[in-house]
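Worksheet for the structure shown next.
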Amino acid sequence: MKTSHHMKYIKTILLLLIAASVSAQTIIKPDAQIKQMVDEVSAKNIEATIRKLVSFKTRHVLSDTTSKATGIGAARNWIKAEMERYAAASNGRMTVAFDTFTQPKSGRIDKPVMIKNVLATLKGTDPNDTRVYLVSGHYDSRINDVMDGNGVEPGANDDASGTALSMELARVMAKRSFPATIIFMAVAAEEQGLYGSEHVAKRAKAENWNVDAMLNNDIVGNSHGMETDLKDNRSVRVFSDGIPTNATDKQMAALKSLGGENDSPSRELARYAKETGERYVDQLDVKLIYRRDRYLRGGDHLPFLEQGFTAVRFTEMNEDFNRQHQNIRTENGVDYGDLPDFVDFNYVQKVARMNLSVLANLALAPAQPQKAGIITSDLTNKTKLTWEAPSTGKKPAGYYVLMRETTSAFWERKFYVTDTTATLAYSKDNYFFAVQSVDADGHESLPVFPKPVR
Ligand SMILES: [Zn+2]
């Protein structure tokens with residue numbers, strides 16, 4: 001299926017070239033600079049970070065904060081210091097800070113507790129580009145009793161794996177420059193109710209951050225299924241909402257009338273992650289899952305969705321629930337516990353490389369087109385789209401109009417244009433369309449699903 005999809009894709013590009021309206025530079029080929037960064041992502045570093053995080057014994061939000069060796073205080077100080085070490089290679093462009101707040105007594109917090117997220121911000125080099133990209137893992141851990149702050153709570157896969165991923169990307173990307181800003185996060189209190197991520201999401205909203213995408217990595221290190229014994233180190237799931245989590249009644253009415261329930265901004269980001277990730281990482285299938293998260297579970301992308309931002313969750317293909325949230329023990333011959341020896345570090349490396357390619361391609365690309373509209377004033381078998389150049393950052397070299405069958409999961413055709421309008425000989429009633437900006441090197445923005453315009 002993947003092969004035929006790609007064949008179709010290559011054929012489309014060739015046809016477009018023959019049509020002569022497209023210059024050779026719009027052939028999609030991997031960017032050597034991104035490929036170099038992807039190659040630098042190291043399984044060894046990821047392993048060292050995960051083992052170090054586990055060495056703090058517990059990173060539970062209610063654990064000790066005064067010891068230098070154990071507990072969440074020691075863990076977050078180490079994460080911050082390590083990020084600062086990476087930032088030293090950034091010529092002052094990367095700054096590292098705690099994002100601190102006091103969480104009042106609440107469901108899984110028995111007394112007011114100070115929570116500290118670690119944010120490493122790699123400032124964009126274009127002062128006229130306000131875009132912000134976020135990548136995140138949660139560094140807090142838990143065992144069976146979610147209120148137990150004193151146990152041995154290694155949290156190697158959940159979620160030292162996502163934390164190590166975010167940190168490894170900070171290490172590799174700190175040495176490079178991007179026009180847009182990238183923030184590498186290690187957040188806390190996910191296990192107690194997503195409080196750390198919620199604090200950043202609300203702050204981003206209040207301070208008007210121009211967040212273009214948030215990538216949440218949670219449980220990205222195990223490559224076999226518990227009772228099914230499935231082994232799969234070449235698939236990763238990306239969860240995205242279909243109907244936007246914060247959709248208004250008016251937006252819901254438009255979805256009912258016209259479709260588009262498979263084209264939320266987060267679903268477009270999920271498709272983008274598949275296309276870009278598979279362009280740069282061998283032997284990795286990015287599997288779109290058409291739901292916001294798994295049954296009985298939530299994650300740090302949810303507070304961002306609630307604030308109206310575009311966000312997805314990456315998680316391993318098959319899970320071993322005996323190695324999540326478990327006291328370390330053997331019971332009826334079964335081993336329990338989220339220990340580093342059960343993390344597949346080469347697999348985390350692949351997922352990290354995919355995340356890096358997505359972040360780099362987005363941060364190097366021009367911003368999304370603005371006010372994308374599909375003209376609906378006439379009954380016609382053609383489709384006319386209009387949009388405006390992005391209001392922030394560099395000017396795009398051109399735009400791709402994307403098209404697919406209404407029943408297709410992925411974009412099937414790309415039409416390259418340099419104008420801010422396009423008329424296609426395909427009916428808007430029969431296909432879905434979107435528009436994305438592209439620069440001369442082929443870096444694409446996220447696609448925008450157009451709104452009907454009369
Ligand atoms: Zn988790």
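Indexing begins at 1, ligand by ligand and atom by atom, following the structure's order. Note that the coordinates shown come from a computational prediction; the quantities given were computed from them, not determined experimentally.
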Could you tell me which N, O or S atom of Asp158 is nearest to the Zn ion (ligand 1)?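 It is OD1, the N, O or S atom of Asp158 closest to the Zn ion (ligand 1).
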
Considering just N/O/S atoms, say which atom of Asp218 is closest to the Zn ion (ligand 1).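 The nearest such atom is OD1.
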
Is it true that some N/O/S atom of Glu191, main chain or side chain, lies under 2.8 Å from the Zn ion (ligand 1)?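 Not a single backbone or side-chain N, O or S atom of Glu191 is under 2.8 Å from the Zn ion (ligand 1).
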
N/O/S atom of Asp159 inside 2.8 Å of the Zn ion (ligand 1), strictly under: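 No - counting backbone and side chain alike, Asp159 has no N, O or S atom under 2.8 Å.
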
As a test of understanding, state which of Asp338, Asp158, Asn144, Asp145 forms a side-chain hydrogen bond (donor to acceptor under 3.5 Å, both in side chains) with His325.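 The single option meeting the side-chain hydrogen bond (donor to acceptor under 3.5 Å, both in side chains) with His325 is Asp158.
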
How far apart are the C-alpha atoms of Arg234 and Glu316, what are their side-chain angles, what is the distance that settles it, and do they pass the salt bridge (Lys or Arg N to Asp or Glu O under 4.0 Å) test? CA-CA 9 Å; Arg234 49 165 292 163; Glu316 64 205 22; over 6 Å; no

Please verify the inter-ring angle class for Trp78 with Phe56; under 30° counts as parallel, over 60° as perpendicular, anything in between as tilted.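 Because their plane-to-plane angle lies in the 30° to 60° range, the rings of Trp78 and Phe56 count as tilted.
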
For Phe345, is the NZ or CZ atom of Lys44 found under 6.0 angstrom from the centre of its six-membered ring and inside 45 degrees of the ring axis?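 Negative - Lys44 is either too far from the ring of Phe345 or too far off its axis.
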
